[in-house]
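Naming: A, B, ... by sequence-line order, numbering from 1 per chain. The figures here come from the full heavy-atom set of this structure, side chains too, leaving out hydrogens, waters and symmetry mates.
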2 protein chains.
Amino acid sequence: MSSRLRTAGPFPGPDHDHAACVTRGLDAAEARCAEAGARLTPLRKRVLELLLAEGHRAVGAYDLLDRLADTDDGGKRPAPPAVYRALDFLVDQGLAHRLASVNAFIGCAWPDAAHRPQFLICRDCRAVAELDGGGLARNLDAAAEAAGFTLLDAVVEVGGLCPRCRPDETSDPDAASA
Amino acid sequence: MSSRLRTAGPFPGPDHDHAACVTRGLDAAEARCAEAGARLTPLRKRVLELLLAEGHRAVGAYDLLDRLADTDDGGKRPAPPAVYRALDFLVDQGLAHRLASVNAFIGCAWPDAAHRPQFLICRDCRAVAELDGGGLARNLDAAAEAAGFTLLDAVVEVGGLCPRCRPDETSDPDAASA
DNA sequence: ACGGTGATTGATACAATATAACATTGCGAT
DNA sequence: ATCGCAATGTTATATTGTATCAATCACCGT
Ligand SMILES: [Zn+2]
Ligand SMILES: [Zn+2]
Ligand SMILES: [Zn+2]
Ligand SMILES: [Zn+2]
């Protein structure tokens, strides 16, 4: 029975209301930037939009450049620094995350709250589940403290196979819970 | 006085017997490869040696190429694939680790036992402390299981400032838990 | 020893990711 | 208007990592 609930888990199914995810992310971005006195410029917003539009999958910086060209009138593709600077901004604001283990980025799934994210990243399809790493983060804090180490960033990324890509899918391929 | 105990922590001080670390790593490599039926060829051994010689600091693949040239008679620098293949081998055998967050590698500090490593990585000096991530790893296992995710690799890397690089070095670093 | 076989290394070229450096633009404050 | 500053554009380059195929080496059975 639990298998039918799969879409309720950290990996949203293809049927979930993803437009709501995008809207929520963009709204949160506006709010957070207003609060922080930062400027969510058109370029930055468009990059965030593209990240979110990817649907909980990791996106590379150069893929973003291609998409920017596609969605731009005239198809002008910006140069790499443009997108990297936008990504830096979004990551700084906590609106996107960098996935170091795959050299890619993802729009934040929980942009409202401060959080210490950790990620499950599918090797096959690049699907990403963003979990809250509360307990684990405290564990890391303690380890760093014990080592006399000043923690600045924690990278917790688990590579593997998501529910839809792992082979023992056979008995129940209807993951869509439909 | 307590500051003198700092070297006992996960970050070994410059005064520790590092030659023993190197010897231990190389011996463990021989043993493990013999047991696994793998071949610790001269190139692989030399790469491991260079990794270990770095003294618990992260080393980039191209730095290794430079060092290979330096330590080679005639100064012949191998091509990138040579060192990447050696690194792949060492990582597969658990004799070295890849540090995804800094695109670098490090010789394993505990090459004898199977382990689920996690790392503290200094942004200033690239010093690396390798911790055993036992409890944290079980935490990740549980999270992956709950998400219907097949875990293949866990990347746990904490960036920050090591005891010797952090600024508040002066007053009283009680970290040593004297 | 001999030749077959697969693993390892060499060598060339290239792909993918990311940044340095400087010019230009937009926009509000003086 | 113009100064100052943040953001973006532009060009070039740095850094990290692979694909591909040729040559060589270790090992095994004969
Ligand atoms: Zn969604
Ligand atoms: Zn998948
Ligand atoms: Zn040592
Ligand atoms: Zn340091």
Side-chain angles (χ1 to χ4, degrees), chain A residues 29 33-34 36-48 50-51 58-69 72-93 95-106 121 123 126 155 157 159, chain B residues 29-30 33-34 36-48 50-51 58-69 72-93 95-106 121 123 126 155 157:
Chain A
C33 287
R39 294 171 52 197
L40 189 63
T41 64
L43 175 61
R44 291 166 174 173
K45 186 168 182 176
R46 196 139 64 98
V47 168
L48 177 57
L50 289 170
L51 280 175
V59 196
Y62 279 71
D63 286 338
L64 283 175
L65 284 167
D66 293 339
R67 284 166 177 66
L68 281 169
D72 195 6
D73 303 330
K76 303 182 292 190
R77 171 176 150 138
V83 77
Y84 278 104
R85 284 186 292 225
L87 287 168
D88 284 348
F89 172 85
L90 295 170
V91 169
D92 283 348
Q93 301 298 321
L95 301 169
H97 301 292
R98 172 168 164 67
L99 301 174
S101 66
V102 292
N103 295 323
F105 300 83
I106 192 159
I121 305 173
R123 280 183 174 175
R126 290 165 69 94
V155 173
E157 299 175 17
Chain B
E30 298 278 11
C33 287
R39 295 172 50 200
L40 189 64
T41 64
L43 175 61
R44 290 166 175 172
K45 186 168 181 176
R46 197 139 63 97
V47 168
L48 177 57
L50 289 170
L51 280 175
V59 196
Y62 279 70
D63 287 338
L64 283 175
L65 283 168
D66 293 340
R67 285 166 178 63
L68 282 168
D72 195 8
D73 303 328
K76 302 181 292 187
R77 173 176 149 136
V83 76
Y84 278 104
R85 286 186 292 223
L87 287 167
D88 284 348
F89 172 85
L90 294 171
V91 169
D92 284 348
Q93 301 297 321
L95 302 170
H97 302 292
R98 173 169 163 68
L99 302 174
S101 66
V102 291
N103 295 323
F105 300 84
I106 191 159
I121 306 172
R123 279 184 174 175
R126 289 166 68 94
V155 174
E157 299 175 18

*So which of Leu43(B), Leu64(B), Asp63(B), Leu50(B) actually passes side-chain contact (heavy atoms from CB on, under 4.5 Å) with Val83(B)?*
Leu64(B)
*Distance, rounded to the nearest Å, where Arg77(A) contributes CZ and dT8(D) contributes P*: 18 Å
_Check against side-chain contact (heavy atoms from CB on, under 4.5 Å), Arg44(B) and Gln93(B)_ = CA-CA 11 Å; Arg44(B) 290 166 175 172; Gln93(B) 301 297 321; over 6 Å; no
*Starting at atom CG of Asp88(B), determine the distance to atom C1' of dT16(D), rounded to an integer number of angstrom.*
13 Å
*With Val59(A) as reference, evaluate Val47(A), Leu51(A), Ile106(A), Leu99(A) under the side-chain contact (heavy atoms from CB on, under 4.5 Å) test and give the passing residue.*
Leu51(A)
*Taking Glu157(B) for the side chain and Ile121(B) for the main chain, is one N or O donor matched with an acceptor at less than 3.5 Å?*
no
_What is the separation between atom CZ on Arg46(B) and atom C1' on dT8(C), rounded to the nearest whole Å?_
15 Å
*asked:* Please tell me if Thr41(A) has a side-chain N or O lying less than 4.0 Å from either OP1 or OP2 of dA6(D).
replied: no
_Taking 4.0 Å as the cut-off, does a side-chain nitrogen or oxygen of Arg39(A) come that near to OP1 or OP2 on dA6(D)?_
no
*Find the distance Leu90(A):CG to dT8(D):C1' and express it as a whole number of Å.*
15 Å
*asked:* Between dG9(D) and Arg85(A), counting only base atoms on the nucleotide and side-chain atoms on the residue, is there a donor-acceptor pair under 3.5 Å?
replied: yes
*Does Asn103(A) have a side-chain nitrogen or oxygen under 4.0 Å from the phosphate oxygens OP1 or OP2 of dT16(D)?*
no
*dA15(C) C1' sits how many Å from Leu65(A) CG, rounded?*
15 Å
_Rounded to whole Å, how long is the line connecting atom CG of Leu64(A) with atom P of dA18(C)?_
11 Å
*Which residue, Ala38(A) or Tyr62(B), contacts DNA chain D at a nucleotide closer to its 5' end, judged by nearest heavy atom?*
Ala38(A)
*Can you name the closest pair of heavy atoms from Arg126(A) and Ala104(A) and give their distance?*
NH2-CB, 3.6 Å
*Give Pro81(A) one of three labels, base, sugar-phosphate or nothing, depending on what nucleic acid heavy atoms sit under 4.0 Å from its own.*
base
*Quick one: Lys45(B) NZ to dT9(C) P, roughly how many Å, whole number?*
14 Å
_In whole Å, I'd like the distance from the CG atom of Leu87(B) to the P atom of dT18(D)._
11 Å
*Distance check: side-chain N/O of Tyr84(A) vs OP1/OP2 of dA18(C), anything under 4.0 Å?*
yes
